[in-house]
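Sequence lines set the chain letters: A, B, ... in the order given, protein chains first and strands last, and positions in each chain run from 1.
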Amino acid sequence: MTEHERELLEGMDAVTAARRLLGCELVRTIESRELRVRIVETEAYDQTDAASHSYNGRTQRADVMFGPAGHLYVYFTYGMHHCCNIVAGEEGFGSGVLIRAAEPIEGLDVMEVRRGRSGHEMTNGPAKLCQALGIDRRLNGHDLAKSPMRLEMRPALPAQAVTATTRIGISKAADMPWRFYVTDSGFVSKR
DNA sequence: TGCCTGATGTTCT
DNA sequence: GAACATCAGGCAC
């Protein structure tokens with residue numbers, strides 16, 4: 001991700017960024033290996049949204065969501081899982097994009113071992129993706145322009161390639177259509 | 001295929 | 001003390 005691309009993300013609200021990040025790639029360097037995946041499913045969250053961690057203000061946990069765009073917000077949930085978001089929007093306004101699923105492109109052997117699973121079961125869920133890529137709270141606040149985890153932007157997908165639905169696994173604001181996925185991808189999470 | 005449940009730590013009320 | 005942006009395994013149909 002270049003500085004120019006970071007500024008573009010800064011200028012987007014969470015919903016716009018969630019659509020725009022589909023098709024983009026994450027590159028994770030770990031144990032001398034490079035793991036690469038293509039983002040195929042996202043959800044938008046911001047501070048006006050009761051389901052968002054940023055809804056109750058700038059708490060310690062969600063602080064990174066209020067920081068500069070293009071950084072990684074990692075949280076720990078259900079006592080055993082990590083999930084990651086890409087921060088979007090202006091600094092001071094808490095918004096981000098949950099990365100729910102991705103297609104493995106490079107380093108599949110490493111992801112298989114890390115997950116103990118193969119095929120779409122490696123990365124078709126937010127916590128599965130984090131396990132496959134070795135993402136935990138040590139990467140919270142990391143700048144995605146740098147190693148050991150980078151975001152590589154790709155051309156925006158045509159609108160017809162993207163499906164929008166309600167988000168998964170939330171109880172508040174559950175009727176907002178802020179989940180997006182690549183319609184023909186076989187790596188999208190279950191409903 | 002679909003529903004139910006256990007695992008297990010952090011955050012917020 | 002409850003809720004939680006989840007996952008995997010078990011069992012019924």
Side-chain angles (χ1 to χ4, degrees), chain A residues 9 12-22 24 26 37 39-67 69-89 93-104 111-142 144 149 151 162-182 185-191:
Chain A
L9 272 183
M12 294 179 197
D13 60 43
V15 169
T16 303
R19 302 186 81 114
R20 183 63 188 83
L21 286 169
L22 293 176
C24 297
L26 289 170
V37 301
I39 298 168
V40 297
E41 180 179 351
T42 59
E43 286 178 0
Y45 290 89
D46 76 34
Q47 66 180 58
T48 68
D49 163 19
S52 173
H53 292 167
S54 56
Y55 183 66
N56 289 319
R58 198 163 184 164
T59 61
Q60 182 170 16
R61 175 176 65 165
D63 185 65
V64 173
M65 290 185 78
F66 293 81
H71 287 234
L72 201 60
Y73 165 50
V74 182
Y75 66 91
F76 182 70
T77 193
Y78 290 106
M80 60 186 80
H81 298 300
H82 296 276
C83 298
C84 71
N85 295 243
I86 295 173
V87 177
F93 187 78
S95 59
V97 176
L98 172 68
I99 309 303
R100 284 196 60 88
E103 292 177 3
M111 295 186 226
E112 272 187 28
V113 171
R114 295 195 62 87
R115 285 278 303 128
R117 294 239 179 347
S118 60
H120 71 289
E121 287 290 327
M122 286 190 290
T123 53
N124 66 342
K128 298 178 187 180
L129 177 65
C130 285
Q131 188 180 14
L133 296 183
I135 298 169
D136 62 28
R137 278 172 293 185
R138 286 173 295 186
L139 281 175
N140 189 35
H142 174 72
L144 288 168
M149 176 132 172
L151 172 65
V162 175
T163 302
T165 71
T166 53
R167 295 173 293 181
I168 293 179
I170 57 173
S171 52
K172 302 171 208 163
D175 52 341
M176 307 308 295
W178 289 346
R179 169 179 178 245
F180 303 95
Y181 63 91
V182 177
S185 173
F187 291 79
V188 169
S189 69
K190 296 162 190 164
R191 302 295 310 266

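- Counting only heavy atoms from C-beta on, A:S171 has its side chain closest to C:dC4 among C:dC4, C:dT6, C:dA8.
- In summary, A:E121 and A:K190 engage in a salt bridge, as defined by a charged side-chain N under 4.0 Å from a carboxylate O.
- In secondary-structure terms, DNA chain B builds stems of at least 3 consecutive Watson-Crick or G-U pairs, each pair having both distances under 3.5 Å, at B:1-7 with C:6-12, B:9-12 with C:1-4.
- For DNA chain B, the neighbouring residues in residues 52-63 of chain A, judged by any heavy atom under 4.0 Å, are A:T59, A:R61.
- Residue contacts shown for A:R100 are limited to sugar-phosphate atoms, with no base heavy atom under 4.0 Å away.
- A:A127 comes within 4.0 angstrom of the backbone, heavy atoms only, and of no base.
- Taking the nucleotide of DNA chain C with the nearest heavy atom to each of A:R117 and A:N85, the more 5' of the two is matched to A:N85.
- Taking atom NE2 of residue A:H120 and atom C1' of nucleotide C:dC7, one finds them 13 Å apart after rounding to whole Å.
- Proximity of A:L72 to A:N85: side-chain heavy atoms (C-beta onward) are nowhere separated by under 4.5 Å.
- Spacing between atom CE of A:M65 and atom P of C:dA5 amounts to 11 Å, rounded to whole angstrom units.
- For the residue pair A:Q47 / A:S52, no side-chain donor-acceptor distance below 3.5 Å is found, with atom types taken as modelled.
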Every protein N/O lying under 3.5 Å from an N/O of nucleotides 3-8 of chain B:
unit_1: B:dT8; atom_1: O2; unit_2: A:Y78; atom_2: O; d: 2.4

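- Of the charged side-chain nitrogens involved, none lies within less than 4.0 Å of a carboxylate oxygen, so that A:R167 and A:D175 do not count as a salt-bridged pair.
- Per the geometry, CD belonging to A:E121 stands 10 Å off C1' belonging to C:dC7, to the nearest Å.
- Separating the NZ atom of A:K190 from the P atom of B:dT1 is a distance of 10 Å, rounded to the nearest angstrom.
- Residue A:F93 qualifies as enclosed at atom CZ: its count of foreign heavy atoms under 6.0 Å is above 12.
- Annotation: the span from A:F66 atom CZ to A:T59 atom OG1 amounts to 7.0 Å, rounded to 0.5 Å.
- Residues A:R179 and A:E41 are paired through a salt bridge, judged by an N-O separation under 4.0 Å between the basic side chain and the carboxylate.
- Comparing A:K172 and A:G125, the nucleotide of DNA chain C nearest to each residue sits closer to the 5' end for A:K172.
- At a threshold of 4.5 Å between non-hydrogen side-chain atoms, the residues A:E43 and A:I168 count as touching.
- Between the CD atom of A:E41 and the C1' atom of C:dT6 there is a distance of 13 Å, given to the nearest Å.
- Computed from coordinates, the A:Q47 CD to C:dA5 C1' distance equals 17 Å when rounded to whole Å.
- Using the six-membered ring where Trp is involved, A:H82 and A:F76 have ring planes that are tilted, between 30° and 60° apart.
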Checklist entry - Given A:I135 and A:V74, is the side chain to side chain contact (heavy atoms under 4.5 Å, CB included) satisfied, shown in steps? => result CA-CA 8 Å; A:I135 298 169; A:V74 182; 3.8 Å; yes
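- Here the C1' atom of nucleotide B:dT10 and the CZ atom of A:F76 are 8 Å apart, to the nearest Å.
- Counted by atom type alone, A:R114 and A:Q131 present zero donor-acceptor pairs between their side chains at under 3.5 Å.
- Using a 4.0 Å heavy-atom cutoff across all strands shown, A:I170 reaches sugar-phosphate atoms only and no base atom.
- Nucleotide B:dG9 holds its C1' atom 8 Å from the CZ atom of A:R137, rounded to whole Å.
- When the side-chain nitrogen and oxygen atoms of A:K128 are compared with OP1 and OP2 of C:dA8, one or more of them lie within a distance under 4.0 Å.
- Taking the side chain as every heavy atom from C-beta outward, A:V182 and A:V162 never approach each other to under 4.5 Å.
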